[in-house]
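Below you'll find the structure, written out as structure tokens, and then a few comments.
In this text the structure is predicted, and so the values were computed from the model without any measurement. Just follow the structure's listing: the first ligand is 1, and inside any ligand the first atom is 1. Heads up: numbering here begins at 1 and tracks the sequence.
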Amino acid sequence: MTKFSDLELDPRVLQAVVESGYETPTPIQAQAIPPALRGQDVLGIAQTGTGKTAGFTLPMITLLGQGRARARMPRSLVLAPTRELAAQVAESFDKYAKYTKLTKALLIGGVSFGDQDKLIDRGVDVLIATPGRLLDHFERGKLLLTGVQIMVVDEADRMLDMGFIPDIERIFQMTPKTRQTLFFSATMAPEIERITNAFLNNPAKIEVARQATANTSIEQKLFAFSPTRKDRSFTEKRAVLRALIKAEGEALTNAIVFCNRKMDVDVVAKSLKAHGFHAAPIHGDLDQSVRTKTLDEFRDGALRLLIASDVAARGLDIPAVSHVFNFDVPSHPEDYVHRIGRTGRAGRLGKAFSISVPADDKYLAAIEHLVKAQIPRAALPAGALDDASDNSDRSRGGSSRSASSGRGGSGRGPRGSVLPSARGDVKPRDVMPVIETTEPDEPTLVQPAPSRASQDRPTTERPPRQSADRSSPTERRPELRPDHRADHRSESRSDSRSDSRSDRPYRSSYPGQYERVVGMGDHVPDFILRSFRVPEPTPDEDEGENNAA
Ligand code: AMP
């Protein structure tokens, strides 16, 4: 087995690695570090949790050990899709470079341009940035990329989802052709392949096993149920979530609860808080300072439940997460792999519980196809839906919820008749009473409105990812909206139940499930992409979906 000492790393780097407590290199490290140290390009197909950050940081520090940075001309560049990931790479860099004199700057939104400019002016060895913020600095004339010797693109697949590929191509073109490129992606979508063919030079290709298929330290369970009515789905899922959390008791030290959409992240977090749980949301519309504070609290153990969108939580390195809940089944199967990979890390055991309703069946099929296994089905905890029923009866007179429920007319039976079927222990799914009403889980700010018949299909009601070239003038003006592009692009992607990507590897296996539906196009007013402020619900008022909508 390869040892770190076999890898010809700088002794100062080795010392820092030893102090990190790592005994042996992970497969991606063992395979990526030698070619990287030889100066070869590397194409790593690996996900977070595989140790890929050290896989590129350790050789970078070793290679940059010699030489000095010049003003405004960083010697290396790491691009990460989100602020959190960029900050995490910066932390790793600090950890592994602590015995060297290398300097770094982190260019992310939420930090003043002035402070970042000062660092760049002084000259840095390593520049770690999100693509939008980097280009903003470049456009302000504060940065030259002609001195970049090593460029890292981390989580390229997520960059693709977020519409960063044109930015990445632009940045590649601004760096010298002689640079060394270390490129990491969890999947090799055709667009990613195109970029690697264009910008990487005879790379060493390294692929490490998917976590979900390889990782047996995660106990997965699927809690499938049929909501009593379609428009009760969100409320009843929240009740199920609470029941699952309660059923786990003290075994649940902390958990990440994933929702597909930002607005649901807010509602679920507020609902849990209103029910006495210690929960906080994290998604791209929150201020960076709030996001950082929330994550710090979660890492420190002060916060028990982190309610998150995919993008906000992707790649976050929080070693001890006892549980992951998929409040929503992700519509992109690889997100399932990423999500459950937040638990069961660093040799610990973890639990990944997913809640599903019949509308999720097609996404479940895609997930199970991807992970090549069936997620074990489990029964809901006894009485899981009693709570939801109680709430539903404490209706908020005159609320939009009541109105929407009412629209359905007579579909709802008396309380007692609903509950047994909702538990799934009496009626099969297809005899559930279904009321034709506005589905509150669907975004409503859409044009043209989809027909009812299309509601169970994936849609692109949310705009498809936007290319940087088409971003609005406001987006391109850093003084107005520094570095918010990433979040909007990313969250709009993760919020949608599906998108128009034709590059999904599983697409061909699931014809018809990922059909392209034309939505609003790329020119979406900024405000539409923002989540809505939802008033703090009390337990009595835990009827969030209509608020959110
Ligand atoms: P990453 O995939 O880079 O997000 O890393 C995932 C986690 O693995 C982080 O918590 C790292 O600190 C940890 N890690 C990285 N390399 C090793 C190693 N060789 N041995 C043990 N843990 C590691």
Side-chain angles (χ1 to χ4, degrees), residues 1-9 13-34 36-37 42-62 78-98 126 128 152-159 182-187 206-212 214-215 217-218 254 256 295-296 298-301 308 310-322 324 334 337-350:
M1 191 188 284
T2 314
K3 298 197 288 289
F4 275 109
S5 52
D6 299 335
L7 292 176
E8 298 184 24
L9 292 163
V13 175
L14 264 183
Q15 177 64 24
V17 167
V18 169
E19 287 175 18
S20 301
Y22 304 162
E23 283 166 15
T24 48
T26 64
I28 188 87
Q29 291 162 1
Q31 293 175 71
I33 292 173
L37 286 176
V42 170
L43 172 56
I45 304 164
Q47 293 168 346
T48 73
T50 53
K52 68 180 166 53
T53 315
F56 61 78
T57 322
L58 303 181
M60 265 177 83
I61 299 169
T62 299
V78 181
L79 293 174
T82 62
R83 300 169 189 184
E84 280 79 10
L85 270 171
Q88 218 165 273
V89 172
E91 254 175 51
S92 295
F93 176 82
D94 286 344
K95 184 160 80 174
Y96 305 131
K98 66 179 178 183
V126 184
I128 302 159
V152 177
V153 179
D154 195 14
E155 305 240 346
D157 54 327
R158 184 56 47 150
M159 305 256 196
L182 311 175
F183 192 102
F184 294 86
S185 182
T187 54
I206 295 148
E207 181 161 8
V208 298
R210 281 192 170 277
Q211 252 176 292
N215 195 334
S217 59
I218 304 172
N254 60 354
I256 304 179
L295 280 175
D296 286 348
F298 190 66
R299 269 201 194 94
D300 298 347
D310 286 288
V311 170
R314 175 90 176 259
L316 291 178
D317 182 19
I318 301 169
V321 175
S322 73
V324 162
E334 66 271 37
V337 178
H338 285 294
R339 287 178 181 188
I340 71 167
R342 305 297 92 218
T343 184
R345 287 163 85 90
R348 295 179 178 85
L349 296 177

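- Considering backbone and side-chain atoms together, E23 places no N or O closer than 3.5 Å to any N or O of ligand 1.
- Residue-ligand proximity, T50 to ligand 1, at heavy-atom distances under 4.0 Å covers atoms 2 (O).
- The number of heavy atoms from other shown groups lying within 6.0 Å of CD (E8) does not exceed 12.
- Residues I28 and T50 share a closest heavy-atom pair of CG2-O, 3.2 Å.
- For the 3.5 Å distance criterion, the side chains of Q88 and E84 fail to qualify, holding no donor opposite an acceptor.
- Within ligand 1, counting atoms from 1 as listed, the ones closer than 4.0 Å to a heavy atom of T53 are 1 (P), 3 (O), 4 (O).
- Every atom of ligand 1 with a heavy atom of G51 under 4.0 Å away is listed here by number and element: 1 (P), 2 (O), 3 (O), 5 (O), 15 (C).
- Ion pairing between a basic and an acidic side chain is recognised when a charged N comes within 4.0 Å of a carboxylate O; D310 and R158 show no such pairing.
- Under the salt bridge (charged side-chain N to carboxylate O under 4.0 Å, His left out) criterion, D296 pairs with R299, sequence neighbours left out.
- The shortest N or O to N or O distance between Q29 and ligand 1 is under 3.5 Å.
- Atoms of ligand 1 found under 4.0 Å from any heavy atom of T24, numbered from 1 in the order shown, are 18 (C), 19 (N), 20 (N).
- Within ligand 1, counting atoms from 1 as listed, the ones closer than 4.0 Å to a heavy atom of F4 are 19 (N).
- Residues passing the ring-ring contact (aromatic ring centres under 6.0 Å, His included) test with F298, sequence neighbours excluded: none.
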